[in-house]
Structure formats: C-alpha cells, structure tokens
**Student:** 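For reference, the structure I am asking about is given below.
The structure displayed is predicted, hence computed values, not measured ones. Every chain is numbered from 1 and lettered A, B, ... according to where its sequence line falls, protein lines coming before strand lines.
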Amino acid sequence: MEGIKAKPSWLHGRALRAILMSIVLALLIALPALISKSWLNITIEILIMALAACSLNLMLGYTGMVSFGPAGLYAVGAYTTAILLTKLKMNIVPAMIAAPIMAAIIGWAVGWVCVRRTKVYFALLTLAFSQIIWTIIFEWYAVTGGDDGIVSIPTPEFFFSIANSYYFCLALVGCCIFALWRIVNSPFGRTLQAIRENPDRVEFIGVNLKRYQLAAFVLSSIFLGIAGSLYCVFSGSAFPDYAHWTKSTDMLVMCLLGGIYHFSGPLAGSAVYTILAKTLSKHTMQWNLILGVAIVLLVLLMRNGVVGFVSEKVFRKK
Amino acid sequence: MTLEAALGQALSGISLGMVWFLIAAGLSIIFGTLKILNMAHGSIYMLGGFLCYQVTSTFSHIPGVFWLALLVAPLVTALVGGCIEILLLRRIYGLDMIYQYLLTFGLILIVAEVCKLIWGVGYNTVAVPWPLNDTVSLFGLSFPKYNLFMIGMGILVFVGLRALIGATSLGAVVRAVTHNREIANALGINVPRVYTGVFMLGCWLAGLAGTLTPPMSVVALGADVSVIIDCFIIVVIGGLGSIPGAFLGAIILGFTTAFGLYIIPKLAVAFGFILMIIILIIRPRGLMGEPD
Amino acid sequence: MRNLVKALIVLGLGFALVAMPCIDPAPAASTEKPIKIGFIHSMSGAMSMYGISSEAGAKIAIKEINTAGGVLGRKLELITRDDKLSAETGLREAKDLILTEQVDFLTGTISSAVALAISSYVAKEKKIFIVNVSQSSQITEEKWNPYVFRINTNAVPYWGYAPAIALGKTWKPKKIVSLGFDYECGKNSLAAFKEKYLELVPDAQIIDELWAPLGTTDFTAHISKIANSGAEALFLACIYGGGEIAFTKQAYAFGLYDKMKMIQPCAGDVETWSDVKKGDPYPKGALATCRYPFWAIDNPKNKAFVEEHKKMVGFWPSYGAMNEYVAIHALKKAIEKVGSVDTEKLIKELAGMELDTFIGTVLLRAYDHQAMMPNWYGIIEFTPDLPFPHVTDTHTIGAEGYHTIEQIKNLRK
C-alpha cells in the first residue's frame, strides 16, 4: 500500500486560513493609504453591511430561522441614534449605545411574537412587523421626520476625516464580528445549530426551543441595531427605507451570495454585492436586470455561496 | 353616516375586495399546492396589465378589442408562468423557503426591467369597454357599471374555481397532489405536470386580474411591488391555499379599508398588517385554511 | 459542468473584486479640463420620465453652449447618475460624483428626501447644488444652506397658494372636501392651501379631509365617501402621476366631475396626461395649476426647445427639462460674470441674479435662493392644437404665490 502523503487536510486548511486572515487584517489596516477616498467610503459601507448580514446569518444560517424583516431592527438602531443626536442633542457615545439597547427591546417584543410560529409563518410575521416599523417611521413625522427622513445629523469633528471614520468603523465592526464568532462557537451557538438541524430532537433532550430562538432573535437584533446606528452616523442621515422589505432582501441576498453555512459568508457576500452594485450601476441603467439574473443563477447553481464553493473546492471541507 | 351612505360604502368595499381577490386567488392556489411563496405574483399581474394595454392599442380598430385582450392576455401570462415553472421553479422544490423567496424576488427584478424595456416608463391607459362605460344609480351613488362587472367577475371566478377544484376529476387530482405529493405520485399521477398546470392556473388568474384593472386604473411600473404585500395579507388572513379564505380575506380587507375611512383613517395603512399578525398568532392557518 | 460554471463565476467575482478598485476613469486628455456637472435623478422606475426629460433639457443647453464655444473656453460635461428614488442611493451617488468624478456642480433630484440629503452633504463639501424638480419647501426654507439653489417652483405655490389664489379668483366655493396622499407633501399641500384660501374667502370651510396611502390606485371607497359628503368642491392634495390617472378614471366613472367642482393641481402636468386622448376619461373642467404649459408660451426659442426635446427622447418636455435648461444657462452666465469656477463667488453672483427663461427674466431670490418661477393656472379641456387635455385660458401667478421673506424668517427660527 502506498504511503499516504501530505498533511491532514484540516491542518493544511487551518494554517492557510490563518495566513489569509493576517494578510486581510494587514490590508484592512493599511487601506486608507492605498485607495482613494471614494473607495474608502465604499469600504465603510461594506463593513457596516457585513455586520448587518452577519447578524442576520446568526438566525438564518446558524439557527435556521428565515427572517424577512431584519431591516426593521436595523432601522430601529439607525433612528434611535439619529433622533437622540438631533432632537435631544445627546453626546455620540450614549446615542450609539442606546441603539442596540432599543433594538434589543423591540427585537425582544417582536421576536417573542414571531417565535410562536415556525417556517413560513415565522417569516411572514417578521415581514409584517418590519412593515409596521416602516409605517410608524413613515407616519410619525414629529419624531422621525416621516418620509423626509432625518438629515444633517450632527456628528463629532472626529468623523469629518474619512480615515478616522474608517478606523472607527473597522474597530467597532471588528469587535462585533469577533463577538458573533465567539457566540456561534460557544455551547449556545452549537445548540442553535442543532436547532437548525433537527428542532424536534433538540426539544426531546430538554432544551427550551422558543427560549433559544428568541435569544438568537434578540442577539441578532442587537448587532443589527449597531449596524444601523453606524450607518446613520457615517451617512449623517436616516430614512424610512432603512426599514423597507426590499432592504431586508438586500441583506438576504448578501448572506446567500457569500454562503449562509459559513461564518465568513455574509462578509464576502456583502463585499461582492456592494462593489458590484456600485460599479455596475455606474455603467448601465439595467442594473436591476443584472441583479435579478444574478440572484436566479445564484439560487440555481451556487446555493452555498461564494465562500461555500471556495471552501468545498479549495479546503476540501463539506 | 346614513344607511344609504353605509350601503354605498359597503359596495365600494366589495368592489375593492373583488379586485384584490382576483389577484390573491392565484397566489393562494400556488402556495396551497406547490408550497411556494411566489413573490413574483404581482409581476405577472403587472405583465397582464401591460399585455392588455398592448392588445387594446395594437388592435384598436377592432370594436370590442378589450374583450379580445381579456381572452388573450391571461393566456399569455399563463404561458409565461409555464415557462417559469418548467425552467426555474422545478429545480427548487423541496428546498428551504429562502431560496424560493430569493428566486422569485429575482424574477420581480427581471420582469420589471423587461416591462420597462418593452413598454417604457410612462403611464398607459385602457378605455372602459362598451357596454360598460356607464353608471347605474345605487344607494344614492352613480356607481359605474364596470365596477359592478368586476364584482361579478370576482364572484364568477370564485364559483368557477370552487367548481373546478371541488367538482371535477381534474380538481380531484389537484387536491390529491395538494394533500400528499408522494402518495399521489405513487398512485400514478404525473405530479410535475400537475404542478406546472397549477402554476399556470395561478398565473392565468393574475393575468386576468391584470387585464381587468386597467380600464378603472392605470398601467404603469411599480404595480408589482405595491400589490404583492396586500395579497400576502389577504392570503394569510384567509388561509394559505384556501380559495374561500382568499375571498373572505379580500372582503374583510375591502370593508376595513372602506369603513376605516370613516373611523380611524390614520391607522388604515397599518391595519392590514395588524390583522395579519393577529391571525398568524391566534390562528395561523387563517380563517378558512387547512390545519397544518 | 456545474462545477466548472461555479468555478468561473467565483473566479469572475474574484477578479472583479480585485480589479474594480483599480479601474477608475482616466482623466481627460484634452488641454482644457471640462466643467463637470453631476446630474442625479430618477432614471429608472415609475418617476423616470422626469429624470429622462430633465437630462434632455440639460443636454440641450449644454449642446448649445458647447457649440458656441463653451464657458470661458471650457466645454461643459454632464455626468448622469440614477438615485432610484432612494435618498440612500442618491447620497451615495452624490459622494461618488464629488469625490471620484470631481464634479464642479450638482443638479437634479425629484424626490425631496434625496434633495435634502444631498443638500446637507454639499454644505460639507462646499459645492453648489441646483434643485430642478424636488418640491418640498423645506429645501429652501427650514433646512436651507447657502450652497443650495432651486430653479423650479416649489410645493408652497404649486400645491397650495397658487390653487388657492386661482380658486379665489374664479369659483370661490364655500364647502370643500380634500383628498390627499398620506405623506409630507400631501399634508403640507393641504395646510398651505387651507391657509391661503381661508385668508381669501374667510367663510369657506374644509368639511372633510381624506387620506390615502401613498401609491394607492383604487380610490373607490374614498370617492363614494366624497360623493356623499355634500361638498361643492374637491381639492386634491399631492395626488399625481399614476395615482392621479387612476383617480381621474374612477372619479369620472362615478360622475364626480359633473357633480362638483374639482381643483386638481397636477392635472396640468404634461408628463401624466400626454397619452390620454379625446374620448378617454380626463379631468373635465377641473381647475389646474401647471408648471410649464409650453403650448401657451409664444416664443420661438421655446418652440425650438420643445422640438429638440421631442427629437431627443420622443415625448413632450416636462417642467424639469425647462428648469434644467434655465439652470445650465444660469451657471454659464454666473461663471462668465465671475471669471472662474469659484464656488463662493458664484454663490454671491447667483443670489439675486435675473434668470433668462422663455417668458422673460425671473428673479433668483437672494434670501432663499429660490427662483420666482411662475405658476400657470387654467381649466382643463381639449383644444384642437394638442391631442391631450391641458390647461386652457391660462393666467399666471408670480412671486405672490411664494412664501414671503418674513414668513421664511419665522420658519427658520
């Protein structure tokens, strides 16, 4: 019998992954010196959407809960910070901390109702609630500015430099993603994945299904709230469309594009989606057609997303 | 509000509801049998509207051209639906719901762009066909005959669907496949063909609705997205997969809209969603749906 | 096979990801750098006819100017972006235009939310932004900053004061019911109309206010309530576009146009009504305001403009096109007067400037940078000169339709 050469595949994969991650980290830190201001702007947007998509994936990919309404909680975070900064002239730190707290509260209330049901009914409930949030934002002119939105949000001078904004974003998003990483790799995270695989069996071994699903919902809402708050500070504005179901669909597409069964999936998906959207819409008015066709192809041919595909072929993981 | 005014408002509510029913009926059937949440249903409805406009303007020299459109446009949308089902949907049955949601969402984008490329960005109108371009005096209102016609069509479609599904052998086959796909397959029923047929029927209904609304409204981009959410509300309230449920849900939504104007106009926008949530919590199968 | 396709897709995406940031438009090789104007509008979707028409208006002006030698020897260049009617997208495009494309000016927008977002952004970047369609009065009143100009009428006269003044000069009904789209424009429109009309006809009453969600196309329930309301007249607040056509068809079918007087500001909009023919339902006898009745403007330059626009995009020009045309020429005039593309100097020059339009000169008011564009009003009817229904027997309402400087001072406090 021939000797089996080469290192075990998992070690090969791990070392390669560590090297790759260090390169990416170094690149990220050096980015402001490497690319133009406008691309830095795009990168900030990618980071924020990556956080949002990752939060969504905690429910979607890890717990198997398909939500059609993440944008609702994202908008709650954005508007909380926006209103506190403009109407109450609060300092930026408490204004940004309040966002995930508010998102957690509303996420808890909405989630409590939604987890009473499963599958398509759960999804429709999340859709209905996010549309109600949209309606409240749209109608409550006195507080939210209605369909005019909130603009010219006062932000500290620190953010006037794009490089500063970028590093702040990178740091905050980095911490949140690290936190999410720890969550999914903890016993709690493993329970969530078990729930995804076989909810009935998980109940049989005495786990309170609804409590875990609600926890996933609330955790997801917290990080979505942070993402929304970040975007509001970065763009200086908040609009009702932050809560619209089409924005939720953008987040779902990012997750799917990257791959919902891998932690880095949503990160990759967010990057690819944002860059394509930005560059293609400059060169063609038929961007929607291309996006539609891309989504259809994605669902038919590449269900595991980019990361899933690369992971399968390059790292030989299943 | 006088009794007469109340009756007039009720009639308006029914008229609103019947239009919604025509669109929602197709969505309900598709979900009931194929278990697919077809986001692109509104797109097929919008396509039906554009086709109606195309037929009535191309053949405008033919008297009664609208009736020709009523015949032709739904058939075309049914064919389009057939192509979609065979080429795309067949590959994703049995997959997680998110893939169906995203695929049909992708279709929304594609159909909207194609409509824009073919018919442009303006507003298009279709004339009310003879002999319906007149009014009838009812409850102190001059109620347009065309609205009464639409109410009649809604009832006709409802009765026709019930008869088709409930009383014909074809309907029995559909019911069998809806109940249990595996056993129906084992009994020799060509399940893929039934799926295609049901999807085409759903698209035919959407195209019919799309052809009936233009004389009383406008044909334009944007109808796909604005109509789909209302349809989901109706279908959820009535019960996913139930035709009588869709009918009931549509009437309820029509009445709440019509009478909401008198009572709490502010809340009118959110009322549909609130109803939807209440139903999903206390009776998720809807008012008339099958238990899970 | 499947895997090959997947591999190609991933490779393609990977390449795109790496290559895209490196591909930025090469700088122009010409000796004289062109003056770049960033144009942001709704170029796809339901409102895109305004965007396409406005772009045509700008292009016609630019062609004229460039053929005559440009501005200070430099050609004008228009870079168009689609805001998809979303403030987020519009803001992103504005950032890109200013930071990457390095445009000298921004112009455009139809959505007021987009205009407000861009407006606060240009104040930071210190670039001039000329609004050509967005109507919200806040853009030049409460939320104004010196970098924003509006060469267009705004919501106060168009949706509110002008119909009220017109109504006060014609029918003077005492019992009015209103129907509006339930969003800011609708609410503000009704408020402005009420304020002005009750000032002119103090014993009049708005006996009921009805609202429909934005985007409604089935007004059956509202119409039956209106028909039973006992009002003499109906005022439409911000019901425009597809919703307006649907409303008109339904109201016409219900005989509402014969039953009561209709005040329908947007019925004068060519963009909405240009496909309606004689025999179709139309706003019969309605009192309408109009922002650009090109058929009523007897000026050879105007006629040439209308022809050129039709040739370029295949439909009649909207007021957006006219406004962009005026705006581009205004920029030329200001730049030539000042002698350079210096934003601060140009702001001083533009404020208070007399704009050249097809109906003579119009003041670009210095206090709020709002051009005193006239609003026309008239009765909607068919005439032999045009295939679509339009305002006939037109009169104009000028600066008296706008908020006074005093009123704006109070709003800005």
**Student:** Against chain A, work out which of C:Cys185, C:Ala123, C:Ala87, C:Ala115 has the most heavy-atom pairs shorter than 4.5 Å and name it.
**Tutor:**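 Greatest number of close heavy-atom pairs with chain A: C:Ala87.
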**Student:** Would you verify whether the NZ or CZ of C:Lys124 falls within 45 degrees of the ring axis of A:Phe159 while also being under 6.0 Å from that six-membered ring's centre?
**Tutor:**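 Pair C:Lys124/A:Phe159 does not count as cation-pi.
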**Student:** Which bit of A:Ser237 comes within less than 4.5 Å of chain C, counting heavy atoms only: side chain, backbone, both or neither?
**Tutor:**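 When you check distances to chain C, only side chain atoms of A:Ser237 fall under 4.5 Å.
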**Student:** Let's test your reading of the structure: which of C:Ile79, C:Asp96, C:Thr80, C:Asp82 forms the most heavy-atom pairs below 4.5 Å with chain A?
**Tutor:**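 Winner by heavy-atom pair count: C:Asp96.
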**Student:** Is it the backbone or the side chain of A:Gln286 that comes under 4.5 Å from a heavy atom of chain C, or both, or neither?
**Tutor:**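 Contact with chain C involves no heavy atom of A:Gln286 at all.
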**Student:** So how far is it from C:Thr89 OG1 to A:Lys278 NZ, rounded to the nearest 0.5 Å?
**Tutor:**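 Here the rounded value is 12.5 Å.
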**Student:** Roughly how far, to the nearest 0.5 Å, is OG of C:Ser86 from NZ of A:Lys247?
**Tutor:**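 Between atom NZ of A:Lys247 and atom OG of C:Ser86 there are 7.5 Å.
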**Student:** I need the minimum non-hydrogen distance between A:Phe239 and C:Ala117, along with the two atoms involved.
**Tutor:**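 The pair with the smallest heavy-atom distance is CZ-CB, 3.6 Å.
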**Student:** Mark yes or no for whether A:Asp147, through its side chain, and C:Glu184, through its backbone, hold a donor-acceptor pair below 3.5 Å.
**Tutor:**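 Yes; judged by distance alone, with no hydrogens or angles, the pair exists.
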**Student:** So A:Trp287 and C:Lys84, side-chain contact (heavy atoms from CB on, under 4.5 Å) or not? Walk me through it.
**Tutor:** CA-CA 11 Å; A:Trp287 156 242; C:Lys84 304 203 179 78; 3.5 Å; yes
**Student:** To the nearest 0.5 Å, how far apart are CZ in C:Arg92 and CD1 in A:Ile42?
**Tutor:**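 It is 6.5 Å, given to the nearest 0.5 Å.
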**Student:** Where on C:Leu91 is there a heavy atom nearer than 4.5 Å to chain A: the side chain, the backbone, both, or neither?
**Tutor:**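 Just its side chain gets close to chain A.
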**Student:** Please classify the contact between C:Leu214 and chain A as side chain, backbone, both or neither, with a heavy-atom cut-off of under 4.5 Å.
**Tutor:**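 Looking at C:Leu214, just its side chain touches chain A.
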**Student:** When rounded to the nearest 0.5 angstrom, what is the spacing between CG in C:Asn188 and OH in A:Tyr141?
**Tutor:**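 Between C:Asn188 CG and A:Tyr141 OH, I get 6.5 Å after rounding to 0.5 Å.
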**Student:** Please report the interatomic distance CD(C:Glu88) to OH(A:Tyr242), rounded to the nearest 0.5 Å.
**Tutor:**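 One gets 5.0 Å once the value is rounded to the nearest 0.5 Å.
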